[in-house]
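Shown next, in structure tokens, is the structure this report addresses.
Just so it is clear, the values below take in all heavy atoms, side chains as well, and ignore hydrogens, waters and symmetry mates. Remember, it's a predicted structure, so these values are computed and weren't measured experimentally.
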Number of protein chains: 2
Amino acid sequence: MAKKPVNEAGDGRTRLISTALRLFAEKGFDGVTVRDIATASDVSVGLINHHFGSKEGLRTAVDDQFIRQFEEALFWEPKKQEPGRATTEDFAATVDEWISRHQDTWPDTANYFRRALLEESDWGFAIFARFYAIVQKSVTKMDADGVLGAQVDRLWLPFLMMYLELGTLLLDPYIKRTIGKSGFETDLWRRRHRAYTDLIRRGVVKRAVEPKA
Amino acid sequence: MAKKPVNEAGDGRTRLISTALRLFAEKGFDGVTVRDIATASDVSVGLINHHFGSKEGLRTAVDDQFIRQFEEALFWEPKKQEPGRATTEDFAATVDEWISRHQDTWPDTANYFRRALLEESDWGFAIFARFYAIVQKSVTKMDADGVLGAQVDRLWLPFLMMYLELGTLLLDPYIKRTIGKSGFETDLWRRRHRAYTDLIRRGVVKRAVEPKA
DNA sequence: ACAGTGACTAAACTAATGTTCAGTCCACAA
DNA sequence: TTGTGGACTGAACATTAGTTTAGTCACTGT
């Protein structure tokens, strides 16, 4: 080999972070050894501690990069809305758009997120809280606009909506094994989107105000 | 201590399994050492290998017991139904009943299940598949009874229903941190049940056939 | 040219973790 | 009483995995 002129995928530090993200996503933090990561990144073990102090430090760096990647979607704010129109769709649409823009790295991202949520990391909660605030706000808005039925449980609705929104993220491996393809494949994902909004709207919106089919 | 007359909680083997279930649920398989388990079970390390051959063997034994516990709910079959009545409720009701009957061990059960899904174990998939079959059947039945709207996506509906059903199971730690109490607390769980069935029915059932509020 | 800085390596180190094994104790059958 | 078997112990063992460190190399500023 030549003189190791900063690998095609960046320097050691960069490669370590992106490789670790992928491996953590695949096998979980405890399921990967520092040697695995080093080998896959084509660097020596020592470099991990050189750059990040410890394996835990590497995890932090990975988390940071992950969150930075996600910020865009996370700090989304609802734009001006025409009253009477369900704003939940805007949120879903933003997420969809974000996903399609990151399609190449999406599988890793999804898996990493899945594990973070299930491992109950602090930043996993931060992301959850952020999601919750958005959905919650959207529900409040709908309520203020008078499109929510009287019987609707204002406490549970946001959570149920999050279940529907996060369900594919958390359970996609099982979707895949059940129907043979990922729920994130473009056509399926689009269908899911329609099914989801239809379920929400027709279940939640008062019949009198219900939009034309 | 006397002569170690089979601890109040059964013999070593029994205690190891139930303790391991709890610890695995709390910290994950990799997050617990055999010494942790042995100490908490008040036996020596060696006993684990004596009975189960390896830590992995212990996991298998724990899985077996867990599945056996779950069998009742898993092998539930819908009873005779009055047509026109949404059978999804029957399933949800069965699950609710099962949970209330196992209320004492429920937190561990929920956590263990959560982790199993995350780890994509084969039996985790088996349980998922079983759930899916039940919900799927229920949907087919509703369709045959003509209570499903024409626009409803027959492929996604079962999954969306599972999301709603499993959501609290998977995300309860976050619910707890968000509203201060577990979604499984009796009153909240009951409210969730109502919110869920209401969301499903009014979103899914044709308006013409919709049951009296 | 020279010292310094920082990325990077590879072997050595250390703590931990799963496993093995020789041996104890007790129940039960011959 | 003897002895056989299984539950159980705990120290020793082997391996693994994270960390430390001495040292190389290339580049930078003086």
Side-chain angles (χ1 to χ4, degrees), chain A residues 1-65 112 115-116 119 121, chain B residues 1-65 112 115-116 119 121:
Chain A
M1 58 181 80
K3 55 185 275 203
K4 181 144 334 200
V6 175
N7 192 311
E8 72 286 350
D11 59 8
R13 189 173 196 282
T14 308
R15 271 177 290 149
L16 275 173
I17 291 180
S18 59
T19 307
L21 171 56
R22 181 169 50 81
L23 291 180
F24 288 164
E26 278 169 17
K27 315 188 190 184
F29 183 75
D30 291 329
V32 183
T33 71
V34 289
R35 269 164 256 262
D36 290 340
I37 302 169
T39 303
S41 305
D42 199 31
V43 300
S44 69
V45 238
L47 196 62
I48 290 174
N49 294 271
H50 172 68
H51 280 304
F52 309 105
S54 66
K55 187 187 181 186
E56 195 61 46
L58 173 57
R59 192 223 289 257
T60 305
V62 171
D63 283 351
D64 286 350
Q65 146 147 340
Y112 197 79
R115 289 195 181 271
E119 281 170 13
S121 63
Chain B
M1 58 182 75
K3 53 185 282 203
K4 179 134 352 192
V6 174
N7 192 313
E8 72 286 350
D11 60 8
R13 190 172 196 283
T14 309
R15 272 176 290 148
L16 276 173
I17 291 180
S18 59
T19 307
L21 170 56
R22 181 168 52 81
L23 292 180
F24 289 164
E26 279 169 17
K27 314 189 192 183
F29 183 76
D30 292 328
V32 183
T33 71
V34 289
R35 268 164 257 262
D36 289 341
I37 302 169
T39 303
S41 305
D42 199 31
V43 299
S44 69
V45 240
L47 196 61
I48 290 174
N49 294 273
H50 172 68
H51 280 304
F52 309 105
S54 66
K55 187 187 180 187
E56 197 59 46
L58 173 56
R59 193 223 289 257
T60 304
V62 171
D63 283 351
D64 286 349
Q65 146 145 341
Y112 197 80
R115 292 195 179 270
E119 286 168 15
S121 60

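- Residue B/Arg13 is in sugar-phosphate contact alone, with no base atom involved, counting any heavy-atom pair closer than 4.0 Å across all strands shown.
- The side-chain contact (heavy atoms from CB on, under 4.5 Å) search around A/His50 returns A/Leu47, not counting sequence neighbours.
- The listed nucleotides are C/dT19, D/dT19, C/dG18; the one nearest the side chain of B/Thr33 is C/dG18.
- Looking at residues two or more places apart in sequence or on another chain, you find a ring-ring contact (aromatic ring centres under 6.0 Å, His included) between B/Phe29 and B/Phe24.
- Partners of B/Arg22 according to the salt bridge (Lys or Arg N to Asp or Glu O under 4.0 Å) rule, which considers only residues two or more places apart in sequence or in another chain, are B/Glu26.
- Against DNA chain C, the stretch residues 46-63 of chain B makes heavy-atom approaches under 4.0 Å through B/Gly46, B/Asn49, B/Ser54, B/Lys55.
- Atoms CZ (A/Arg35) and P (C/dT9) sit 14 Å apart, rounded to a whole Å.
- Among all heavy-atom pairs drawn from B/Val62 and B/Tyr112, the shortest one is CG1-OH, 3.3 Å.
- For B/Arg115, there are no salt bridge (Lys or Arg N to Asp or Glu O under 4.0 Å) partners at least two apart in sequence or on another chain.
- With rounding to whole Å, A/Ile37 atom CD1 is found 17 Å from C/dC8 atom C1'.
- Residues meeting the side-chain contact (heavy atoms from CB on, under 4.5 Å) test with A/Asp36, sequence neighbours left out: A/Val32, A/Thr33.
- Rounded to whole Å, the distance from CG on A/Asp11 to P on D/dA26 is 17 Å.
- Residue B/Ser44 places its side chain closer to D/dT9 than to any other of C/dT9, C/dT19, D/dT9.
- The distance between atom CG of A/Leu16 and atom P of D/dT19, rounded to the nearest whole Å, is 13 Å.
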